[in-house]
4 protein chains.
Amino acid sequence: MRPGPRRKDARRNQQALLDAAATVFVASGVEAPVRDIAAEAGVGMGTIYRHFPTRADLIVAVYRHQVDACAEAGPALLASSRTPYAALEQWIDQFVDFLVTKHGLAGVLQSDNSGFEALHAYFLDRLVPVCGELLDAAVESGEVRRDLADLGGLQLMRGVGNLCVGASNDPSYDARRLVAVLIAGLRRPAG
Amino acid sequence: MRPGPRRKDARRNQQALLDAAATVFVASGVEAPVRDIAAEAGVGMGTIYRHFPTRADLIVAVYRHQVDACAEAGPALLASSRTPYAALEQWIDQFVDFLVTKHGLAGVLQSDNSGFEALHAYFLDRLVPVCGELLDAAVESGEVRRDLADLGGLQLMRGVGNLCVGASNDPSYDARRLVAVLIAGLRRPAG
Amino acid sequence: MRPGPRRKDARRNQQALLDAAATVFVASGVEAPVRDIAAEAGVGMGTIYRHFPTRADLIVAVYRHQVDACAEAGPALLASSRTPYAALEQWIDQFVDFLVTKHGLAGVLQSDNSGFEALHAYFLDRLVPVCGELLDAAVESGEVRRDLADLGGLQLMRGVGNLCVGASNDPSYDARRLVAVLIAGLRRPAG
Amino acid sequence: MRPGPRRKDARRNQQALLDAAATVFVASGVEAPVRDIAAEAGVGMGTIYRHFPTRADLIVAVYRHQVDACAEAGPALLASSRTPYAALEQWIDQFVDFLVTKHGLAGVLQSDNSGFEALHAYFLDRLVPVCGELLDAAVESGEVRRDLADLGGLQLMRGVGNLCVGASNDPSYDARRLVAVLIAGLRRPAG
DNA sequence: AATGAATGAGCATTCATTCAT
DNA sequence: AATGAATGAATGCTCATTCAT
């Protein structure tokens, strides 16, 4: 599936674009100029527009594999972990790993800039349900405070995502640690 | 201190600019075009540059009073609250109130965009020590986990700030609630 | 003559292109993007360039039949009409009918845009002599002012063509009526 | 009136732009790239946008004087000419003189391209009523065919304008002569 | 001191034309 | 022969910043 374009050169270019975009996104953020990405890929600008009509399409394509992997990890963790809360912790860890290595991605995810709707849509469609299920399960198991049952996967993810904004730039900011605190804050106080 | 410019008209302009910037920042975010701010203030663009050479200077000036108030609230809360943790909670509340009413401010605070260094510097110089003291006191009092003693005021503030990114735009995102969860996560598990 | 390409599929494509171009020309004008025409025809863009190296070639080919019909109508009308002037009137009518139903064609005909030379050439080669003969005959018959004998078929045709510019778009502009006035202006004042 | 910008350099630039635009319009038509006009004027592109936010604004400004002169000539000619038809003839002559010296202007006037609405509006607002009055007067005087009473100033002007399309490029095309034929066609056949 | 006109780099986007497949 | 992917010049437009007035 997803065989991509038929022609060999087109496939090669598409891959070159994905690689180039990933590189440039890391260096300059996901809002880097189209020209830069084209140059990095060694293709003309038109080629980007052919393969990825909007910037969001490109971003989605660049991160699709990782988003999919993250989405699929949710049920697996729920099945294999000791408790639902442990599964949630691990899943969030994975999500954070993903975000902090993507310069500026967290920022764009929060952006209300129209034109990123496809991006939002993809991330949310794939991940919010997974996150929501893990959260619900952890509420059911009594590990997470009942009053947070209505927080929802979306808000939790946005919170986690926000905590990761800017994390790639500044080594003094430890997004993982803060996320861990946030997740700890979900817990029902013992005793 | 800070007597401002000598001439009366210059002082008047400075105030007009601060008011105008505050208005425009709310409406269009802190990255609004310089021209818009000048127009709102009824002055020329050159005047902005004279008074506030960089955008960060303007932002700092616009929010100086509120930042100062926030800074001064820290010791007061520590003195008046039942416990250091309660003081920390209240102080964070106040900080969040400040951020979520400033469209885009939280975003700029995280931005690694050079040119906002003065802004970062001011916020951090004023608020980080206060936040750090509250956190330390709450660690000392045993309310906050000892292993978070080295988290530091800066990281905590950045975390809180990040959670507020985009909160002004989207009513479905409740930054205050997520911050509350984060602060709850600082607590030593009871029992 | 004009047997077209040897291979059957090439001939089929050529016809598909002519049909597609006619359709797209009506919808979007004769300067429509090549890609659109190719898409309408269901062929690749390269195929257009193979069959019709320049846009003008394509336009000429699309309208060849009608231009030819118009050219052939001239002598016929001259033979069958009551007077040469009547023949001229009818022939111009036919020419106008042709132009006003071709969105943008009249405009391109006037365009000095190099690249349309082939188009100009074809139209003029075929039609100017016909128009000229009709005009001459009407001068000879005394119906048209003698001082217009040297106007020539070319100028008359360009005038008529110009009067048709934009006629397809705007229903409030009645090209036929204005052309009729122009042709009436050729007449020798009675009495 | 119309003193233009206050500052001397701004006035100088505005005039430079009008001159440059007139020059470039003649050389490359009224759709010439903004960059070219700016270069010809020796100013930055932003300066064009400041003075003339849309292309139509620039075109109108370039030709305003001449359009106004043309509009004002109508009543004067009606008063001074021997007959209304003679006034119409002379007025049309003046209008044609204007158009044929403006490369591409006649074309744009016919263009249905949105973005030229301001241009259309100005030309039509100023000239159509004048043309209409002259036409009406010539109908009243019995010089022009009564059945053309409802032709209207707009259609007549569009016809004349169309006859001028491309006249600047091609010396073999005599727009003035064809317009004269058209106007002759308005006449009531003598006898 | 204030003004706001001018600058021009920067960016997105389109589309005719070429040429590898 | 056909395809359609790739190219990249061309163009419009914005806005931070400078500087003549």
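Just so we're on the same page: letters track the sequence lines, and every chain starts at 1.
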D/Arg50 has its side chain closest, among E/dA5, F/dA1, E/dA16, to E/dA5
Find the distance C/Gln15:CD to F/dA1:C1' and express it as a whole number of Å. 18 Å
Here's a test of your reading of the structure: between C/Pro53 and A/Asp9, which maps to the more 5' nucleotide of DNA chain E? C/Pro53
Give the rounded distance in Å between these two atoms: CG of A/Leu58 and C1' of E/dC11. 16 Å
Rounded to whole Å, the CG-P distance (C/Leu17 to F/dA2) equals 9 Å
Reckon D/Arg55 touches a base, only the sugar-phosphate, or nothing at all at heavy-atom distances under 4.0 Å? sugar-phosphate
Expressed as a whole number of angstroms, how long is the span from C/Phe52:CZ to F/dA2:P? 11 Å
Base-pairing assignment for E/dA20 (Watson-Crick or G-U wobble, both under 3.5 Å): F/dT3
With no angle test and no hydrogens, is the base of F/dG4 tied to the side chain of C/Arg35 by a donor-acceptor pair under 3.5 Å? no
Protein-nucleotide distance (D/Ile48, atom CD1; F/dC15, atom P), rounded to Å: 18 Å
Judged by nearest nucleotide, the residue sitting upstream toward the 5' end of DNA chain F, A/Arg12 or A/Met45, is A/Arg12
Mind calculating the distance between CD1 (D/Ile37) and C1' (F/dG12) to the nearest angstrom? 12 Å
Hey, can you tell me if C/Tyr63 and C/Phe25 have their rings parallel, tilted or perpendicular (30° and 60° cut-offs)? tilted
Give a yes/no on whether any side-chain N or O of C/His51 is located under 4.0 angstrom from OP1 or OP2 of F/dA2. yes
Which comes earlier along DNA chain E counting from the 5' end, the contact point of B/Asn13 or that of D/Gly42, where each point is its nearest nucleotide? B/Asn13
Nearest-Å distance for atom pair OH/P, residues C/Tyr49 and F/dA5: 16 Å
Are any of D/Thr47's side-chain N or O atoms less than 4.0 Å away from OP1 or OP2 of E/dT7? yes
Less than 4.5 Å apart, any side-chain heavy atom of B/Thr47 and any of B/Phe52? no
Do the side chain of C/Arg35 and the main chain of C/Gly44 share a donor and acceptor less than 3.5 angstrom apart? no
Are the side chain of A/Arg55 and the backbone N or O of A/Ala32 linked by a donor-acceptor pair below 3.5 Å? yes
Would you say the side chains of B/Tyr49 and B/Asp57 form a donor-acceptor pair under 3.5 Å? no
Note: for B/Val34 and B/Gly46 on DNA chain F, the residue whose nearest nucleotide lies more 5' is B/Val34
Closest nucleotide among F/dA6, E/dA5, E/dA16 to the D/Ala10 side chain: E/dA5
Separation of F/dA2 C1' from C/Gln14 CD (nearest whole Å): 14 Å
